[in-house]
Amino acid sequence: MTKWVYDFAEGSRDMRELLGGKGANVAEMTRVLGPERVPAGFTITTEACVAYMRDGAEPGGMEAQVDEALARLEAGAGKRLGEPSDPLLVSVRSGARESMPGMLDTVLNLGLNDESVQGLAERTGNQRFAWDSYRRFVQMFGNVVRGIHEDRFEDAIDEAKQAKGVRHDTELDTDDLRALTERFKAIFREETGEEFPLEPREQLRQAIRAVFGSWTGERAVAYRRSENIPDDWGTAVNVQRMVFGNKGETSGSGVAFSRDFATGEPGLSGDFLINAQGEDVVSGARSTLDIAQLAEVLPDAHRELTEQVARLERHYRNMQDVEFTIEEGQLFFLQTRDAKRPPAASVRFACDAVDEGLLSVEEALMTFKAGDLEPLLHRQFDAAVPVSELARGVGASPGAAKGEIVFTARAAVEAAAEGRDVILVRPKTRPDDYAGMAAAKGILTREGGHGSHAALVARGKGWPCVIGVEQMRVDVENRRATFGETVLEEGTLIGIDGTTGIVTTDDVPLVEPEISEHFERVLVWCDEHRRLGVRANADVGEDARAAVQMGAEGIGLCRTEHTLLSDEHKPKVAAMIMATDDDERRERLAVLLPLQQEVFEDLFAAMGERPVTVRLLDPPLHEFLPDLAELSEEVGRLEERVEVAGIEVTDDAGDLEDELAELRRFLAKVNEIHEENPMLGTRGCRLGILYPEIYEMQVHALMRAVRRVRAGEGAAPHLEIMVPLVDYEQELRLIRELIVRVGDEHGLTAGEDYSIGTMIELPRACFVADRIAEHAEFFSFGTNDLTQTALGFSRDDVESKFVPVYMERRIIDRSPFETIDRPGVGWLVRLAAWVGRERRPDLKLGICGEHGGDPESIDFFHMAGLDYVSCSPFRIPIARVAAAQAAIAHADG
Ligand code: PEP
Ligand code: MG
């Protein structure tokens, strides 16, 4: 018989897959802290959820096992679920393998009914508390288990408050709450056509089903899509004895972090509420108190909390985020997990943990995801510019942002699609707002609490976020936010600083970030641990200098077309293309030569002795000429004007005719080189074979630049000349001969003064990499083109066309242009690396497609045995971290 149910005391953290993250953790926590500090309970496995989803019913034996576990729980508590005189109450919570904050549902106070509410009141001597618990239960049950919109209940609460003339929920007394509970039950009846279930075991049965069902709910599905969590994991269900933080002034609930949740500095942080349940803290409905104040109100609880949280951190060897409840002075832990934290806190924790002897450097470097550090490279308000503060809330997630105000997630998504920067302003956020939060540059909410949804999600993702701006009124319906006298309509520019909590309508300049001392230390450790080199894709000296600042060890790709396509150079390239014969072409190329040389000199100067890979011209020539359709139209217009001028015999008829003749020549050329599939057409080394004089010019410019830089003060650059889009080894052989010949003219020798290599970016090249390696000292995988050609996906079109649908339909998890398609494109890379090195053991291998900056792909490139990755300058620190993590993760394998 399958075991579907585990008591907390039976589980451990190694059972995440079966018990879910929360179930495994609560079990582990029970072992670490002792059963007296963790309310008892049991977990129904993820496998039971999977079986339920498959069969539409509880698997055989599960119900009986739940009965038995419940009996054990009751025996331990010395009371029965929903017992009229002294009821045991339970919470029912979901818990998937990975934490999905706010995505799945929770039911509290289960077991209450018209009788047990009296028992609870008598036992606690607190009528109000008992009725407040009961009305919350009916509300949550109705909303979570039966899907009744929460506004139905909230409206009823508002009506009750209005009728009484009070503002806060806490001002409602026992009679009000009793009436409200009846009202809620009536709402339940109206909405479901059924009576509210009073039988506790039936309540539990329905709640368990609802948690199973929430796994396939819209919110959870949307979250899984964005986080790449597989649909077939299922969620576990945790049934746990309730403890009460709302039993009066010696009770309370809160969240605590083992270190400062924003900066990572040592010392407990977090917030709490006296006389409240956990939901009050995380919902952000009431403004919370700082955890330090707990020391004044309940000093014993504070002391114990500090000790036990530190113990959890030592046990889990990572910064912890715990939920706790104090019931009449006694402290209980409801859950603990690795704290989602802003990247500044991640690097700070890594450093401190090493200094404190908590973790080794290797372990410390694995406590965060490389990609999550990216916000450290994000912007801040320019400190030199005074900012007039419109309001100040709580900085919940660092980084500054500015943009137009929008009030709904949908508006944020639409604006982002149009390329507009927006700030999402909400009273508070809910899980449904996730897509809007992701689309916005920053998030601003009225309601507060570091455990609130906005704070939790933004911090985890590193999105700038300010919460708790209490003086702000948000009128979503009329699309305006009011700050005292100031009214801001949708579309108004607003700036937020997620570190200080400042809100402003000034158009404050944003400055690029500097790398902190802690981040720098982490990066130095990463450099000591990684095997992969990290280079930059940079085309001009300025980018190269920025790349060196970020830690680039060389240039892995200089796209020479970048400068040739500039406004200044493009007409000169066009003139060269228009040349009528070889001599004229050479003449026009001679004009381009010094321009190219100048760019190369600057690039070499920026890189000192580091290697610089320069790629010969790659794009199809039509990119340098006017657009075919526009040109045809222009010719048509001019023909008309010439006709009119001819009839009227005006003076400028002759000029117009000359102009027309010139345009027609252009049109003829554009027509001549027009291709239906230019990305598969005359580009890359094919250009060099058809028009060798172009490559000759580029190689001359390179050789001159090398000599010039060598002759000057600068160090000798190591030039690597790279030939793009090679299919056949003969292509490379021919171009290699050309390069060597030109090099010889300058007294520079291949293999000594410079090296010659090729991009590997076509499937055929991968298959014949051994033959190609005969003529190449290095390969650099062009995974952009390799992905395009291996999958037959046009890289310029697919991202906006079918890739989103493919992701939605789970054909793929991420775009293959963003992260390497390991089984397909990755296999080609492995094959080429393998056979290439078979022929030439010292063959240097790099990658310079966009994947060079993607942590997941970097992990693969490490495994594939490449020598370096090359990526955009701003991704370099992330690549250094990812490369180190790959080395540590695969150290034994
Ligand atoms: C590539 O194809 O991966 C590459 C780096 O070249 P480009 O993007 O310029 O085609
Ligand atoms: Mg390419």
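Scope of the values below: all heavy atoms of this structure, side chains included, with no hydrogens, waters or symmetry mates. Numbering of ligands and ligand atoms starts at 1, following listing order. Along the sequence shown, the residues carry numbers beginning at 1.
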Check ligand 1 against [X] and write out every atom of the ligand that is under 4.0 Å from a heavy-atom position of the residue.
X    : answer
R615 : 4 (C), 6 (O), 7 (P), 9 (O)
R559 : 4 (C), 5 (C), 6 (O), 7 (P), 8 (O), 9 (O)
N784 : 1 (C), 2 (O), 3 (O), 4 (C), 5 (C), 8 (O)
L557 : 5 (C)
G782 : 1 (C), 2 (O), 3 (O)
C848 : 5 (C)

Please report whether ligand 1 has a polar contact with E561, defined as an N or O pair separated by less than 3.5 Å (distance criterion only).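 For ligand 1, there is no N or O atom that lies under 3.5 Å from one belonging to E561.
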Please write down residue, atom name and distance for the protein heavy atom closest to atom 10 (O) of ligand 1.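 Closest protein heavy atom to atom 10 (O) of ligand 1: D785 OD2, 2.9 Å.
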What protein heavy atom sits nearest atom 8 (O) of ligand 1, and how far off is it?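 Looking only at protein heavy atoms, the one closest to atom 8 (O) of ligand 1 is R795 NH2, 2.6 Å.
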Mind checking whether H562 contacts ligand 1 via backbone (N, CA, C, O), side chain (CB onward), both or neither, at a 4.0 Å heavy-atom cut-off?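 H562 to ligand 1: no contact under 4.0 Å from either part.
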Is it the side chain, the backbone, both or neither of L786 that has a heavy atom closer than 4.0 Å to ligand 1?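 It is neither part, as no heavy atom is under 4.0 Å.
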Assess the side chains of [X] and [Y]: does a donor N or O sit below 3.5 Å from an acceptor N or O?
X    : Y    : value
Q698 : T560 : yes
S870 : N537 : yes
S780 : R615 : no
H890 : D859 : yes

Does Q788 have a non-hydrogen atom less than 4.0 Å from ligand 1?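 No, that is not the case, since the closest heavy atom of the residue is not under 4.0 Å from the ligand.
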Heavy-atom gap E850 to ligand 1 smaller than 4.0 Å: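 No.
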Using side-chain heavy atoms (C-beta onward) and a distance below 4.5 Å, is [X] in contact with [Y]?
X    : Y    : result
T580 : R665 : yes
V726 : E729 : no
F624 : P619 : yes
L680 : E675 : no

Just to verify, which of V612, T563, L719 counts as forming a side chain to side chain contact (heavy atoms under 4.5 Å, CB included) with L603?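 Answer to the side chain to side chain contact (heavy atoms under 4.5 Å, CB included) test with L603 among V612, T563, L719: V612.
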Which N, O or S atom of E761 lies nearest to the Mg ion (ligand 2), by name: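 That would be atom OE1.
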Proximal heteroatom of D785 relative to the Mg ion (ligand 2) (N/O/S):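 Within D785, restricted to N, O or S, the Mg ion (ligand 2) is closest to atom OD2.
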Begin with the C-alpha distance, continue with both residues' side-chain angles, and end with the deciding distance and a verdict on salt bridge (Lys or Arg N to Asp or Glu O under 4.0 Å) for D602 and R545. CA-CA 10 Å; D602 193 30; R545 285 182 190 93; 2.8 Å; yes
If the cut-off is 2.8 Å, does any N/O/S atom of D618 fall short of it from the Mg ion (ligand 2)?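 Checking the Mg ion (ligand 2) against D618, no N, O or S atom falls under 2.8 Å.
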